[in-house]
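To start, the structure itself, in structure tokens.
By convention in this document, chain letters (A, B, ...) are assigned in the order of the sequence lines, proteins followed by strands, and residues within each chain are numbered from 1.
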2 protein chains.
Amino acid sequence: MTAASPSKSRGPKPTKVDPDQLLDAAQAVFAEAGLQAASLRAIARRAGCDPALIYYHFDSKEALFAALLQRRFPGVLKDVERLAEASDLRPTAQRLWEVLLIYHRHLSQDPGIRSLVRGEIAKGAEGITGLIEGQMRPVVTAIRRVFEQGLERGELRPGLHPMLATFFLVKMQLEILDVAPVMLPRFMDLPPEEAVVAGMRAWFDLFWRGVARDPSAPLPPLPDPIV
Amino acid sequence: MTAASPSKSRGPKPTKVDPDQLLDAAQAVFAEAGLQAASLRAIARRAGCDPALIYYHFDSKEALFAALLQRRFPGVLKDVERLAEASDLRPTAQRLWEVLLIYHRHLSQDPGIRSLVRGEIAKGAEGITGLIEGQMRPVVTAIRRVFEQGLERGELRPGLHPMLATFFLVKMQLEILDVAPVMLPRFMDLPPEEAVVAGMRAWFDLFWRGVARDPSAPLPPLPDPIV
DNA sequence: TGTCCAATTCAACAAGCGTTGAATTATGTG
DNA sequence: CACATAATTCAACGCTTGTTGAATTGGACA
């Protein structure tokens, strides 16, 4: 029982499914199932090919996931780094709000990456630690610079720890993108589409009053996220 | 090869491993691996028994997990409900801080439950929705009452939405318990043991300035969590 | 002593997983 | 037209998983 009947139709045309399509499929499946539970067979099914093909383009399941991160993070980093330039003299409130918008723009379509980053971090990020750190640290550092500049300009309250503030801002934004659409409609009277924006805005109002030097001063007009 | 050599020592003494010990083992394994990845064999190994024994005490893996939740939530609810009594006239800041302490007290030893609740919520909580809702809603409602009382007493800023505030407070507390010990030492110079407390305190300072009617008023003295 | 019963183990099941090696095909190039 | 080659599939491997049915044990009770 080593070799069976070789009769079915076999090989196909060249370049029917390129690596990028595989990444799209992987993203969708990871998003629904999480890293552990997402199976290569499900990803292949989604992409309309054989599981073995994944191994032609990627070394392993983990490498596939790594490629997925590598595809998204540079865009976030580029936007955040432009925002963090010292020459940007807009009000700090506006710039911090912009951080949320960047996350929203890049990651709102991509629950897989969010929940994965979140999940892997929470469990100690064994295995892909290096990758996450390499991709995440520059983003985090850039945001931190915005807080430091805000402190120098006297727009944030003196005792504020820029790293902790960064941590709270980013973490809560990820949470809102993930959890708000599920939870807020359940506990409040909000349709899921509105829940994210309402949650973002309410969270930022609260956050800003927490970090501002003068919490009673009115916020500058902030643009709405494109939904 | 249907029946093998029946020679080993088989059955044992009565009540060697009771359901509670199984729950302890399950909790530990769930904590390390998450709901999906935790295997019944690993749980049984931890408890020092056969995997089949789990099915003697529980209907399925999911039922085991449900029992785990059922064991912890009532304690949280009891404490939170006592805190939410309208006769409690302590400053709202102090009562809200107390909410964090309750979570810390009941869940800090129990990362499994936290990450599970978090994970299941994030992915839509299919399967155990009813259970989570049944256990969680009364807790959330009680905390909300504290915010409503704070609003009535004029200690919170008038526009504040009590449900959103509850959501932010609880969500961020869960995040801090989970993520701070992993992330803060990595981005700041803090040993893991101190990271949680420092994170809790910094988060609450920020949060309170965000919700307080008079953010510049000094906070009442708040007790430290017992670490 | 014999019998019942709750507690426990054993052995096996079907299914799903990540992964690999060999076979197949379609195309571009000489 | 032949050939090399990149893209794809097939079939299988060894492993782990949740779950089950039958067998076994040891104490309680008559």
Partners meeting side chain to side chain contact (heavy atoms under 4.5 Å, CB included) with B:Ala37 (sequence neighbours left out): A:Gln36, B:Ala33
Just distance, no hydrogens or angles: give the donor-acceptor pairs under 3.5 Å from side chains in residues 195-208 of chain A, sequence neighbours left out.
none

Results of side chain to side chain contact (heavy atoms under 4.5 Å, CB included) for A:Arg46 - residues two or more places apart only: A:Ala25, A:Ala28, A:Val29, A:Glu32
Output all residues satisfying side chain to side chain contact (heavy atoms under 4.5 Å, CB included) with B:Arg145, sequence neighbours left out; order by chain, then residue number. B:Glu81, B:Ala84, B:Thr141, B:Ala142, B:Glu148, B:Gln149
Atom CD1 of A:Ile54 and atom P of C:dG18 are separated, to the nearest Å, by 9 Å
When the distance from CG of B:Asp18 to C1' of C:dT8 is rounded to whole Å, what number comes out? 14 Å
Under 4.0 angstrom between A:Tyr55 side-chain N/O and C:dT20 OP1 or OP2: no
Less than 4.0 angstrom between a side-chain N/O of B:His57 and OP1 or OP2 of C:dT8, yes or no? yes
Rounded to 10°, the helix from C:dT1-D:dA30 to C:dG30-D:dC1 deviates from straight, judged by its five-pair end axes, by 10°
Check side chain to side chain contact (heavy atoms under 4.5 Å, CB included) between A:Phe58 and all other residues, then give those that pass, not counting sequence neighbours. A:Pro19, A:Leu22, A:Leu23, A:Ile54, A:Leu64, A:Ala67
Within this structure, what is the CD-to-P distance between A:Glu62 and C:dG18, rounded to whole angstrom? 13 Å
Under 4.0 Å from any atom of DNA chain D, heavy atoms only: list the residues of residues 38-53 of chain A that qualify, in numerical order. A:Arg41, A:Cys49, A:Asp50, A:Ala52, A:Leu53
B:Asp79: salt bridge (Lys or Arg N to Asp or Glu O under 4.0 Å) partners, not counting sequence neighbours: B:Arg105
Between P on C:dA7 and CZ on B:Phe58, what's the gap in Å once rounded to a whole number? 12 Å
B:Arg95 meets the salt bridge (Lys or Arg N to Asp or Glu O under 4.0 Å) criterion, sequence neighbours left out, with B:Asp88
When the nearest nucleotide of DNA chain C is assigned to A:Ala37 and to A:Asp59 on a heavy-atom basis, which residue is associated with the more 5' position? A:Ala37
Without decimals, in angstroms, what is the distance between A:Lys61 NZ and C:dG16 P? 15 Å
Main-chain N/O of B:Leu100 paired to B:His104 side chain as donor or acceptor, under 3.5 Å: no
Can B:Arg45 and B:Asp50 be counted as an ion pair, charged N to O under 4.0 angstrom? no
